[in-house]
Amino acid sequence: MTVREYIAKAKSVQTSVKGYVDDIAMMKEDEIINLNVTQMQSGLGSNDQKLQYPFEDFSGEYTPRAVAESLKRPTVLPKTLGALYNFGWTGNFLANFKVKITRENKLEVYSTGTGTGAKNTLLTQTPYMYGLNAEDTRKLNYEIIYPELMKFIKQFI
């Protein structure tokens, strides 16, 4: 391979990488969503701080009333007194998580299953609920995207 051919291949890779990184993110959507959901279920936001819910009297832990209500009808995930909110009452919130790439080339995690009323307020107005913390961003970049990107680049070398 001549130097010119190598430079041409390198330029081809350079113009293809951005689009392929987006493709990887969409292929790995479930893994990315799992990182965000696991973080939320641990009670932490993307800022690594305890989630601060938009209701003064809401602690983020299941109360006796919530546990009693969950026993009256089936829930996707069990409710335990004092346990952190696991976001699995009907399953709509967790089942409707999505990943998209914004115009600013940022990855955005969100759910379309946010319901109405107080549920919607909780799931749309809790700061730092969506997105990845520093450790999960590292996992995304180096454990999810990087290996796939290297496979892609090696095709051109």
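Below, each value reflects all heavy atoms present in this structure, side chains not excepted, and no hydrogens, waters or symmetry copies. All values derive from a computational prediction rather than experimental measurement.
- A donor-acceptor contact shorter than 3.5 Å is absent between the side chain of Asn47 and the backbone of Pro127.
- The aromatic rings of Tyr142 and Tyr146 sit tilted relative to each other, their planes meeting at an angle between 30° and 60°.
- Ring pair Phe58/Tyr53 is perpendicular by interplanar angle, where above 60° counts as perpendicular and below 30° as parallel.
- Test Lys154, Glu148, Gln155 against Phe152 for side-chain contact (heavy atoms from CB on, under 4.5 Å) and you get one pass: Gln155.
- Residues Lys139 and Leu35 form a side-chain contact, since some pair of their non-hydrogen atoms from C-beta on lies under 4.5 Å apart.
- Formation of a donor-acceptor pair under 3.5 Å by the Tyr62 side chain with backbone atoms of Asn86 is found in this model.
- A donor-acceptor pair under 3.5 Å is absent between the side-chain atoms of Gln125 and the main chain of Pro54, judged by distance alone.
- Rounded to the nearest 0.5 Å, atoms CG (Asn133) and CD (Gln49) are 11.0 Å apart.
- In terms of modelled atom types and a separation under 3.5 Å, the side chain of Thr63 and the main chain of Ala66 share a donor-acceptor contact.
- Under a 3.5 Å cut-off, the side chain of Asn36 and the backbone N or O of Gly131 do form a donor-acceptor pair.
- Here the side chain of Glu5 pairs a donor or acceptor atom with the backbone of Thr2 at under 3.5 angstrom.
- At a threshold of 4.5 Å between non-hydrogen side-chain atoms, the residues Thr90 and Val76 do not count as touching.
- Between Glu108 and Lys98 there is no salt bridge, since no side-chain N of the basic residue sits under 4.0 Å from a carboxylate O of the acidic one.
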| task | Report the C-alpha distance between Tyr85 and Leu122 in whole Å, list the side-chain angles of each, state the deciding distance to 0.1 Å, and finish with yes or no for side-chain contact (heavy atoms from CB on, under 4.5 Å). | result | CA-CA 11 Å; Tyr85 190 49; Leu122 173 74; 3.7 Å; yes
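- Between Gln41 and Leu94 there is a side-chain heavy-atom pair separated by less than 4.5 Å.
- Side-chain atoms of Thr114 never come within 3.5 Å of backbone atoms of Leu123 as a donor-acceptor pair (strictly under, hydrogens ignored).
- No more than 12 heavy atoms of other residues, nucleotides or ligands sit less than 6.0 Å from atom OH of Tyr128.
- Ring geometry for Phe97 versus Tyr130: interplanar angle of 30 to 60°, hence tilted.
- Without hydrogens or angle criteria, Asp136 side chain to Leu132 main chain gives no donor-acceptor distance under 3.5 Å.
- The CD1 atom of Ile145 sits 4.0 Å away from the CG atom of Leu140 when rounded to the nearest 0.5 Å.
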